[in-house]
Amino acid sequence: MGIALTRVFVTRSVNPLKISMLDEISWHGSGATRSGAHVFVSNIHPPNVNYFSNMEVPLSLSPALQNLPFRPTQTHESRHWNSLIKHHTKLKDDHAILDTYTKMESSGILPDTATLPLVLKACGRLQAIDRGKKLHNAVLDTDLVSDIRVQTALVDFYSKCGMLMNAHKVFDEMTDRDVVSWNAMISGCVGCFEYLQALILFARMQNGNLKANSVTVVELLRACGELFELRLGKEIHGYCLRHGLFNSNPHVDTSLMGFYLKCAPSVASLVFEMLDSRNSISWNTMISGYVNHGDYLKSLELFISMLIEGFECDSVTMLVVIKACAEYGNLELGMQVHQLVIKFGYSNMHIINALMNMYNKFADFRSSYELFNSILTKDVALWNSMLSCSIESGFIDESVSILTEMQLDDIQINERTLVIILRLCAHLSNGLVNGKSLHAYAFKIGKEKNTYVGNSLVNMYALFNRVEDATRVFTKIKVSDVISYNVFISGLVYNKLKFQAWEMFIQMLDLEIKPNSQTVTSILAAFDSGEFFNVGRSIHGYVMKCGVQIDASLNTALTEMYINCEDEETGRGLFEKYPDKDLISWNSLLSTYIKNNQEEKALILFHRMISRVKPTIVTIINVLSLYTQLSNLPQGRCLHAYTLRRFSSLDRDLSLANAFITMYARCGSLEYAEKVFNSLPETDIVSWNAMIAGYGMHGCGDDAMMTFSKMVKEGIKPTQVTFVSALSACSHSGMIHKGLVLFHSMVQDFCITPERVHYACLVDLLARGGLLNEAKDVIETMPMAPDASTWRALIGACRIYSDTHMAKSAFENLIELEPTNAGNYVLLSNIYAANGLWSEVKNLRLIVKNKGLKKPAGRSWIVNKSKLYFFAAGDKTHAQSDKIYKKLTFLLTSVKEMGYVPDLRWVLHDADDERKLARVSSHSEKLAIAFGLISVNGGSPILITKNLRICGDCHEFSKYVSKLTKRIIILRDASRFHHFVDGSCSCKDYW
DNA sequence: CTAGGGTTAG
């Protein structure tokens, strides 16, 4: 896509890429901002320039007229031209009017008072600015210029062309004004979105004792509708009733309905009921009113009544009804309307466009495509639809060629095109480059500050983690709407900038932009831990107070917020009470429980869920991550079988297959992980990463490296993630040299800039290998500040090599980063203890005690016959507790005879030796092993999982037990797998 | 001088 999109632009005359190079440098500078602002003003607003300076032709007679004697009287010739223009006007052929006028001009004949307005009108409709101005110029020295009809036509022409200042100028210079000229000026303002200006003009008109007629009323109602001026609109309604304008002029009737549909929808249907006579336009107004309010059923019912009452529907009816069918989800009716369209021959661009979008909504891309090809003249809107249809259907390459064709057809792309392509860029991994060129292009054509374009740019930048760029664009948007704030807030939350997101939410309230359910859903995602409980709850309060509609996703967000903020009961209550729980509600509660380590609740929920709704791939991946966390291999295998039944294979979704690979590897079964991996017809980088990480954590460094080489050989490019797994695999297997080579190769051959994690891996690798000083060098010279895990890696190695001095200095750095992590103190204490520095040990204990720090409770568990058995240190809650302790006592006695000596240094809390011995003898790992030996069938390995890193004493103990019982014990701790076989461990005591 | 209409966020 990256290259292709570039190519599209490069081949055409409009070349955003070229622009981007210039503007990427300049739009950050202040100079560009000024010129940008100018571009913006001239594009969106009518230019604020002097009327006369805008005249291209000097204020004199045109050259043709100068050479000819002026002929003011109606000749036979001029009568012929004038009547010809009138004829073309009747036929609504604007081009013919202008052509005729050109011929007239070259004969030196001016149109008469009656004809000139017709020509100006045609100029206005065709946006023929130059022709109109020239015409104005030509009549300046004639009597025509003081004719009220001509002046009115000029007002109309200028406002139609967006040159409101010029219109005002002509209007202000009029000596005599009638209702029609006032109307023209008012209508001009409304046409240029200057609604307030229109109302002010109306006030001026009333001062001049002129009465509003039906035309005035129609324009005023539109202005009131746009300004949500309900009161003034109602007064105008009253005026219509008093002056007999209601039920006598269909324009007025329809405008009233249109106004009420905007400001007070229920009144609109009352007005409609009261109409003496209806036409297709009044029906269409009502139908489209319902569509705009999202009441598609009502709109379709109204359409049916229209047919029953025998009204003829026109192409607009079709258009609106097609949209209603699409939104309501009624393909059958939509296709019937399509047949009507064909029958009546209404195949214009609008209709084709609506039909394309309808079919695409029903996932029928083919029909959309055929419709698109069925029409010969296509405007930019049609192309835009084609683009968004193909993107929506996932045809990325095709949409690029559509873009190419668009450029080949010389279609001038507009802001909607930009929005559509920007959305595509935002979703392509390499879309940032193209997104930036589109930004430059938007800037160039003065659309950067457009609300829609700005919103899309903000979204695109935020998704590429370019918060600064997103912020810059956001602040430049001229008129920010709810969507601008939604996009920006969710972008900030996505980039973990919670505080800024909250500030934006407050700003939005200050500016009285009412947050909708999506705003709240986005901001709630920021409040994901206990400290945000109050602010999260206040948002819930806001939702209730201000009546923000609670849809399924908002309810889900509220539920998640409460559970993340440790108020599970309220969260759960919201979930249970919500009537329209969808799959997303179930999936997200499930994943929230999993994230918050509420495994049992998650499992119960999953079983309840599958009895009610059909789980999706997302559900499976969620539950898999739960089984992975829990090392629940038997359940993982069951889920594998279930998934094969439900989705027939894993091939359909690679992320699903990859989740299975990870699950098997982390549940201790490399064999099954390999089986899944080898069965895949296609693999991606994640599959390979999962295998490399799997080998690494089991201490199979050679397999990890072989997999790495194989992957590179198959042409798959390793990512940063790959190197984290591969480097730590080397580290865990003591392959120092290979690891160093790999690190080098990452930079040299794969052009990957090492990040913090990679340096952490490097430090770990060197330090474990005994190269403590080299490791320290890395820490001191790495380009970014080391994080806690880097220092921890160094301290861990200091334990193996008994370097208390370095351990201490590393520790000081570590607690600066993590002052409240009790585990860090344990780490140092163990090193002091191992080296007999008892006073230091005591000192550390005191610090921990004074600070009130607590080590998280150690938990070990084991799966037996698909059931989980959890153990804490000294746990006696298990049903077979007596048997377990009996077995443990037996094991302890036996291994002591083999040479095992309990190592009391692993008890941090101060106590006498006897208590320490009791404590270390009932560690959760030991209890789990004892239970495993009495419950797991002989022969199969005993698989134990621990939430923290294994205790050193338990590690020794496990080695002896494996020798004593001739059983394989596989223990997964927080950092890796330990395979205990016949008295030794796969980690080679190297952990 | 005037009423209803297609393509635009995640």
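The structure presented is a predicted model; accordingly, all values stated were derived computationally and were not measured. Here is how names work: the chains are called A, B, and so on, in the same order as the sequence lines, proteins then strands, and each is numbered from 1.
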Subject >> Atom-pair distance (OH on Tyr346(A); C1' on dG5(B)), nearest Å >> reply: 13 Å

Give every donor-acceptor pair under 3.5 Å between a side-chain atom in residues 320-328 of chain A and any protein atom, sequence neighbours left out.
from      : atom 1 : to        : atom 2 : distance (Å)
Glu327(A) : OE2    : Lys361(A) : NZ     : 3.3

Original post:
dG5(B) P sits how many Å from Tyr290(A) OH, rounded?
Top reply: 16 Å

Subject >> Ring geometry between Tyr195(A) and Phe193(A) (parallel below 30°, tilted from 30 to 60°, perpendicular above 60°) >> reply: perpendicular

Original post:
Quick one: side-chain contact (heavy atoms from CB on, under 4.5 Å) partners of Lys92(A), sequence neighbours excluded?
Top reply: none

Subject >> Test ring-ring contact (aromatic ring centres under 6.0 Å, His included) applied to Phe259(A) - qualifying residues, sequence neighbours left out >> reply: none

Original post:
Do Asn249(A) and dA3(B) have a side chain to base donor-acceptor pair shorter than 3.5 Å?
Top reply: no

**OP:** Indicate, yes or no, whether a donor-acceptor pair under 3.5 Å links the base of dG6(B) to the side chain of Asp379(A).
**Re:** yes

Subject >> Residues touching DNA chain B, which here means a heavy atom under 4.0 Å, drawn from residues 254-262 of chain A >> reply: Thr254(A), Ser255(A)

Original post:
Are any of Lys323(A)'s side-chain N or O atoms less than 4.0 Å away from OP1 or OP2 of dG6(B)?
Top reply: yes

Original post:
Quick one: side-chain contact (heavy atoms from CB on, under 4.5 Å) partners of Asp295(A), sequence neighbours excluded?
Top reply: Tyr290(A), Leu297(A), Lys298(A)

**OP:** Return the set of residues passing side-chain contact (heavy atoms from CB on, under 4.5 Å) with Ser588(A) (not counting sequence neighbours), or none when no residue passes.
**Re:** Thr556(A), Glu560(A)

